[in-house]
Amino acid sequence: MRLLVCGGAGFIGSNFVRQRLARGDDEIVVLDKLTYAGRRENLQDVADDPRFRFVHGAIEDAAAVAAAIEGAEAVVNFAAETHVDRSIAAPDAFVQTHALGTYVLLEAARERRIRYLQVSTDEVYGSIAHGSFTESSPLEPSSPYSATKAGADLLVASYQRTYGLEAVICRGSNNYGPYQHPEKLIPLMILNALHGDPLPVYGDGANVRNWLFVEDFAAAVAFVLEHGGAGDTYNVGGPDECDNLTVVRRIIELTGADPSLIEFVTDRPGHDRRYSLSSDKIAALGWRAGTRFEEGLERTVAWYRDNAWWWEPVRSGAYRDYYERQYGRRLNDT
Ligand code: NAD
Ligand code: TYD
């Protein structure tokens, strides 16, 4: 297939592109704004592949989209601002990319009558105390991140209903694995543990996430692209749930760090207590998440240990200012 992959220089997008090029005979154009989270390094092992082309640009820029979409048979949209804490501090980029950017992409796909896949998140459903969300659960997002992602999903659904766009939505649970920016829980804790830095656990650490190894989610997105019905939404949950404190304690064991590095810090406002997705609908089509959390976490710790070339420039760059703003007061207050 000839694919336009938006946000393909980020964590999940780059894993998707690498996997598609390794497994099939796609031609892929990546359109990416290269925000703090998007990096050419994430795609360096496919950079010389003749089936791959990179376009630097934003999805809300119609001219950049028109240049990148030429010849594409489908659009896969990973492009997003993705960190809940940053959305609480500064929601503007979230509104811009998720609302306006998704609209511009939808218009381009509609004009060319090509298939459109929106990558979304379990966070659009909000928090669930017991049981699991299905695709028909109401959308009750808590943060500016999840609210703008929910808005984008609704816009996608409207284009399918109103204009007959062949659109599908794929909602994943929390991803982890190689190439994830260290602002997120698992890479942050791994790198802090390796450096002997404090491990800042929000609130009581009992919030639960449904962990999904990134290679499994990338494969699920490819699966939905091929098998998903137009107008349908598919949840993709990981095989295991785990509370944050247990995740951090396991990372301490795997890195050999000192358990006294754990610091309980001021909670995130509007912090969702638990996410859990039912994957029954995609499972009925034949999909299974393969990687158990225990195995995926070991592989992830090993990857960060072995790939300092990847995270050293991130950790020493603008991330330091972000870290100070996000954690400086929290850690000093404890
Ligand atoms: P990421 O932050 O690592 O990557 C996002 C990418 O989008 C970056 O390359 C960035 O440069 C690019 N981007 C941002 N704004 C853009 C714009 N306006 N135009 C073009 N490119 C832009 O994010 P990720 O974790 O890889 O998430 C990818 C997608 O998957 C997002 O839509 C996210 O909501 C969704 N998702 C993420 C998770 C998770 O746990 N990380 C779980 C479920 C769903
Ligand atoms: P995160 O990786 O930001 O993903 P999301 O908020 O999208 O689920 O956070 C995962 C969980 O870890 C969430 O409950 C918040 C918590 N957390 C901490 O306790 N400390 C941290 O420093 C971070 C980044 C997250």
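Not measured: the values here are computed from a predicted model. Start at 1 and go down the list; that is how both ligands and their atoms are numbered.
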So, [X] and [Y]: side-chain donor and acceptor under 3.5 Å apart, yes or no?
X    : Y    : answer
Y322 : H83  : yes
E107 : Y159 : yes
N15  : R20  : no

Salt bridge flag under 4.0 Å for residues [X] and [Y]:
X    : Y    : answer
R115 : E73  : no
R171 : D122 : no
R2   : D26  : no
D240 : R292 : yes
R299 : E295 : yes

Distances for all N or O pairs of ligand 2 and the protein under 3.5 Å?
{"unit_1": "ligand 2", "atom_1": "2 (O)", "unit_2": "L185", "atom_2": "N", "d": "2.9"}
{"unit_1": "ligand 2", "atom_1": "3 (O)", "unit_2": "R268", "atom_2": "NH2", "d": "3.0"}
{"unit_1": "ligand 2", "atom_1": "4 (O)", "unit_2": "N174", "atom_2": "ND2", "d": "3.4"}
{"unit_1": "ligand 2", "atom_1": "6 (O)", "unit_2": "R268", "atom_2": "NH1", "d": "2.5"}
{"unit_1": "ligand 2", "atom_1": "6 (O)", "unit_2": "R268", "atom_2": "NH2", "d": "3.4"}
{"unit_1": "ligand 2", "atom_1": "7 (O)", "unit_2": "E123", "atom_2": "OE2", "d": "2.4"}
{"unit_1": "ligand 2", "atom_1": "8 (O)", "unit_2": "N174", "atom_2": "ND2", "d": "2.9"}
{"unit_1": "ligand 2", "atom_1": "8 (O)", "unit_2": "R209", "atom_2": "NE", "d": "2.7"}
{"unit_1": "ligand 2", "atom_1": "12 (O)", "unit_2": "N244", "atom_2": "ND2", "d": "3.3"}
{"unit_1": "ligand 2", "atom_1": "14 (O)", "unit_2": "R209", "atom_2": "NH2", "d": "3.2"}
{"unit_1": "ligand 2", "atom_1": "14 (O)", "unit_2": "N244", "atom_2": "ND2", "d": "2.9"}
{"unit_1": "ligand 2", "atom_1": "14 (O)", "unit_2": "H271", "atom_2": "NE2", "d": "2.7"}
{"unit_1": "ligand 2", "atom_1": "19 (O)", "unit_2": "Y202", "atom_2": "N", "d": "2.8"}
{"unit_1": "ligand 2", "atom_1": "20 (N)", "unit_2": "P200", "atom_2": "O", "d": "2.8"}
{"unit_1": "ligand 2", "atom_1": "22 (O)", "unit_2": "P200", "atom_2": "O", "d": "3.4"}
{"unit_1": "ligand 2", "atom_1": "22 (O)", "unit_2": "Y327", "atom_2": "OH", "d": "2.7"}

### Query
Does F78 share a hydrophobic cluster with F52, counting links as ILVMFWY side-chain heavy atoms below 4.5 Å and allowing steps through other members?
yes
### Message
Show me, by chain and number, every protein residue that has a heavy-atom distance under 4.0 Å to ligand 1.
### Response
G7, A9, G10, F11, I12, D32, K33, L34, T35, A37, G38, G57, A58, I59, E60, F78, A79, A80, T82, T97, V119, S120, T121, Y145, K149, G172, S173, N174, N175
